Amino acid sequence: MAALFNTVPRHEPRLMLAEPMLSMRGISKSFGEVKAVIDVDVTVYPGEVLGIVGESGSGKSTLLRMMNLEDTPEAGSYHLSLPDQEERNLFTLDRFERRMLRARHIGIVYQNPHLGLLMGHTSSGNVAERLLIAGNRNFADLRSRARESLQASEFPLERIDARPRELSGGMQQRVQLAKAIALEPAVLLLDEPTTGLDVSVQALVLDTLKRLQQERAITMVLVSHDLGVIRTMADRVMVMRRGRVVEQGLADQIFQDPQHEYTQQLVHAKL
Amino acid sequence: MTLKDLTKPWAAFNYGFLDESAKRELRRKMLKAVAVPGYQVPYASREVPMARGWGTGGLQATLTLLKPTSVVKVIDQGADDSVNAVSIRKFFARVGGAVETEDTQKATIIQSRHRIPEEKLREDQILVLQVPDPEPLRAVQPDMSIAREMHGDADYGQLWLVLYEQLVKSGRIIQGSSYPSMVNGRYVISPSPIPRWDVKKLHQADHLTILSAGREKRIYAVPPYTNVEPLVFDDVPYRVEDHQDKTCYRSNVTGFFMNELPQDDGSSRHELSDSHFGVKQIRRNEGEAVEIAKTWYNNGRMD
Ligand SMILES: Nc1ncnc2c1ncn2[C@@H]1O[C@H](COP(=O)(O)OP(=O)(O)OP(=O)(O)O)[C@@H](O)[C@H]1O
Ligand SMILES: [Mg+2]
């Protein structure tokens, strides 16, 4: 990973004057006895990358699933800065509204491509499906937009009609990414997008993510237990432990001057 | 008064073969199907003296609709005279006292599997389609309980995806019969194994269509004057089978759905698939004053 840090330019943290793009307040979620997420607030500003780190089982994926409206918490509210939804707590949307909102405004990349892709359909088809759900009914347009989106994800264009199950792990992640950005989402959620890939492939996928983020100023929430990945990508970092946020701040602060004991352990173990 | 006076006289079977409670259930389910066009209503499919998968769904629907003044036409592959069609029609006559007919215009109930007649149906007629597989989502979702949720959510992206991939792969849409179609802007149905040619006849029709699958125990309906839109892309028009220019070698009629008859020399001849429509055309050619109703297609086109 060390080589990677040198090749990717660090950029200055953005000023956070704008209205938040995403805001969650007082989120709690349990599974039976297990309190997976406890009273968590999240704020993400437009064009910013929020990194979420934490050990296994700390509630990162659970939180992300709620951001993707796949799951509803016991308590808490969720707002996205969308033209027609500004006032609405998105957890009050009905099933159909959720599905439409998710298709149009939220992109997600899972660690496990089986969760994000229809493995038996073509790669371009996987991207096109997103556009079809949103109501696009023009074949030529679907075709060219799927192609553009795959190209932006640096997916090899000669393989756009191959099925994900015939592709490498890195390429599968690029299909997920193409699908996620096809409709210019308000927020792009990434749950361990490069975990499980070879280190060299991981670096290439991160490069793509970085480039997309800089070109399009996509608002991202990136979950990883790999501090190297977070350090490469994130403007701000949130550290989770046992369902709670124990520390958050600008990436540089967190990495250079961690305050919480747990964060100190994490950072020192890594460096 | 004796017990005998209070008891109904013995009969070998109930009118219309099905018992009254079975018919009552089916009537209710049909009303529900009409109220929610295109929605597949589950029903308790009964035993009828025919193997499941041979049109038992259509049979039960027709038996329920039957009354002594009914005039029934049964079509199998477009023909009235196949063994299957004849025996089903005779069954209706025997258990319901229905009048048998081959003439589309005279029928009050038309039961069919593969075709919709070429002559336009009227408001006072009911078309019953026998459906082998009612689930348009089966190809993309083998789990039927998930498929039902997808209908609930109007989640039809994957059906469109199948069409998208056919176009990518073959440059055209391959789906022939059972072409998935949106009913009343809400539910996608499989319109039974009728050809693409016939799907257009369901759109804003004057008649009621009941679609019934006996093995799968699902009944659904296209009420009169309801939109039925095959799933098509804006820039790839819906195409019916290329039968516009084909001429029937028996009746000399052009512009209807044909059966292709391969010849020994490798060529092929065509005959009208709607057999009784062909019979009427021939009789008219021979100078008989035969009444033929308006047809959905004219000169091979429907507008
Ligand atoms: N569907 C579920 N049913 C029951 N328990 C669950 C469920 N999903 C998550 N949990 C529990 O909630 C807690 C948080 O899980 P979560 O997957 O959010 O952790 P994570 O931070 O993403 O961990 P990892 O780094 O291993 O992916 C864990 O104790 C987990 O076992
Ligand atoms: Mg996780």
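Remember, predicted model here, so these are calculated numbers, not experimental data. For the numbers below, each heavy atom of this structure counts, side chains included, while hydrogens, waters and symmetry mates do not. Just so it is clear: chains get the letters A, B, ... in the order the sequence lines come, proteins before strands, and each one is counted from 1.
- Checked against B:Ser273 for a side chain to side chain donor-acceptor pair (under 3.5 Å), the options B:Glu260, B:Arg115, B:Gln77 give a single hit: B:Arg115.
- Taking the six-membered ring where the residue is Trp, the centroids of B:Tyr238 and B:Tyr179 are separated by under 6.0 Å.
- Heavy atoms of A:Asn138 lying under 4.5 Å from chain B belong to its backbone as well as its side chain.
- In this structure, the portion of B:Val236 lying under 4.5 Å from any heavy atom of chain A is its side chain and not its backbone.
- If you measure heavy-atom distances from A:Leu131 to chain B, you find no contacts under 4.5 Å at all.
- Counting only distance, with no hydrogens or angles, the side chain of A:Gln213 and the backbone of A:Ile218 share a donor-acceptor pair below 3.5 Å.
- Your options are B:Val232, B:Val140, B:Asp235, and the one with the most heavy-atom pairs under 4.5 Å with chain A is B:Asp235.
- For the atom pair CG (B:Asn259) and OG (B:Ser268), the distance works out to 11.5 Å, reported to the nearest 0.5 Å.
- Looking at A:Ala140, both its backbone and its side chain come within 4.5 Å of chain B, counting heavy atoms on both sides.
- The greatest number of non-hydrogen atom pairs below 4.5 Å with chain B, out of A:Thr122, A:Ile133, A:Asp141, A:Asn126, is found for A:Thr122.
- Checked against the 6.0 Å centroid threshold, B:Trp160 and B:Phe233 count as a close aromatic pair.
- For A:Phe139, the parts lying near chain B are the backbone and the side chain together; criterion is any non-hydrogen pair under 4.5 Å.
- Neither the backbone nor the side chain of A:Arg130 comes within less than 4.5 Å of any heavy atom in chain B.
- Residues meeting the side-chain contact (heavy atoms from CB on, under 4.5 Å) test with B:Asn184, sequence neighbours left out: B:Pro37, B:Thr226.
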